*Asks:* 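Got a structure for you, written out below as structure tokens; questions coming shortly.
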Amino acid sequence: MESDQIDLEYENIKKFENIDVSLKVHAGAAGITIGNLLKLQVGSVIELDTLAGEHLKIYVNGVPIARGEIVIMGTTLGVRFTSIMEIEK
């Protein structure tokens, strides 16, 4: 690719820098019956299908883009990216 074309592509991408997107981290899922759902109370624990230590999927606008791990950032949680998925065109 020529330098002028790379510069033009970079300028086109920069136009989108301030668009908000939704970033979500998926910790896991579980199936549960309505009967068991109705029995839940404060302190109840539901086992998820994610293994302990397994990297979590990170989504942008519903599209998986990376995997990561939960980190504690003071009084809040964060996510550390551990791998970036190849985005399909």
Side-chain angles (χ1 to χ4, degrees):
M1 230 184 258
E2 293 184 25
S3 177
D4 290 343
Q5 186 175 357
I6 292 172
D7 290 342
L8 180 59
E9 288 180 7
Y10 178 74
E11 287 301 317
N12 285 337
I13 291 171
K14 281 187 63 82
K15 294 176 186 175
F16 298 98
E17 281 184 336
N18 294 319
I19 295 175
D20 288 331
V21 295
S22 171
L23 187 135
K24 295 183 181 181
V25 179
H26 183 75
I32 187 170
T33 65
I34 292 175
N36 286 335
L37 179 65
L38 294 172
K39 294 176 188 174
L40 293 177
Q41 55 189 324
V42 174
S44 295
V45 177
I46 297 174
E47 183 177 357
L48 301 176
D49 60 358
T50 303
L51 299 174
E54 185 177 343
H55 291 196
L56 309 176
K57 282 188 180 177
I58 301 167
Y59 295 83
V60 171
N61 286 355
V63 177
I65 61 145
R67 289 196 173 269
E69 57 191 12
I70 298 295
V71 294
I72 297 172
M73 302 177 64
T75 59
T76 62
L77 297 177
V79 63
R80 176 183 297 123
F81 281 53
T82 57
S83 65
I84 306 293
M85 295 180 179
E86 193 169 313
I87 306 295
E88 295 180 17
K89 294 182 179 183

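Keep in mind it's a predicted model, so treat the numbers as computed, not measured. Numbering starts at 1 and runs along the sequence shown.
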*Asks:* Which residues end up grouped with F16 if you chain together Ile, Leu, Val, Met, Phe, Trp and Tyr wherever their side-chain heavy atoms are less than 4.5 Å apart?
*Replies:*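 The other cluster members (ILVMFWY side chains, heavy atoms under 4.5 Å, direct or chained) are I19.
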
*Asks:* Please identify each residue that fulfils side-chain contact (heavy atoms from CB on, under 4.5 Å) with A52, with sequence neighbours left out.
*Replies:* none

*Asks:* Tell me, which pairs form a salt bridge (Lys or Arg N to Asp or Glu O under 4.0 Å) where one or both residues lie in residues 20-35, sequence neighbours left out?
*Replies:* none

*Asks:* Hey, can you pull the donor-acceptor pairs under 3.5 Å for the side chains in residues 31-46, sequence neighbours left out?
*Replies:*
| unit_1 | atom_1 | unit_2 | atom_2 | d |
| --- | --- | --- | --- | --- |
| T33 | OG1 | N36 | N | 3.1 |
| T33 | OG1 | N36 | ND2 | 3.4 |
| S44 | OG | Q41 | N | 2.9 |
| S44 | OG | Q41 | O | 2.9 |

*Asks:* Linking directly or through intermediates, with side-chain heavy atoms under 4.5 Å: list the remaining ILVMFWY members grouped with V71, chain and number order.
*Replies:* M73

*Asks:* Which ILVMFWY residues can you reach from M85 by hopping between side chains whose heavy atoms are under 4.5 Å apart?
*Replies:* none

*Asks:* Please tabulate, for the side chains in residues 55-68, all donor-acceptor contacts under 3.5 angstrom to protein atoms that are two or more places apart in sequence or on a different chain.
*Replies:*
| unit_1 | atom_1 | unit_2 | atom_2 | d |
| --- | --- | --- | --- | --- |
| H55 | ND1 | T82 | OG1 | 2.6 |
| N61 | OD1 | S22 | N | 2.9 |
| R67 | NH1 | H55 | O | 3.1 |

*Asks:* Running the 4.5 Å side-chain criterion over Ile, Leu, Val, Met, Phe, Trp and Tyr, what cluster does L51 land in, apart from itself?
*Replies:*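 Its cluster mates, by chain and number: none.
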
*Asks:* Report the residues that fulfil side chain to side chain donor-acceptor pair (under 3.5 Å) with E69, sequence neighbours left out, ordered by chain and then residue number.
*Replies:*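 Only R80 meet the side chain to side chain donor-acceptor pair (under 3.5 Å) criterion with E69.
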
*Asks:* Got a sec, which pairs hit salt bridge (Lys or Arg N to Asp or Glu O under 4.0 Å) with one end in residues 26-35, sequence neighbours left out?
*Replies:*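 Qualifying pairs, neighbours excluded: none.
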
*Asks:* The criterion is salt bridge (Lys or Arg N to Asp or Glu O under 4.0 Å); which residues satisfy it with K14, sequence neighbours excluded?
*Replies:*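 If we apply the salt bridge (Lys or Arg N to Asp or Glu O under 4.0 Å) test to K14, skipping adjacent residues, the hits are E17.
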
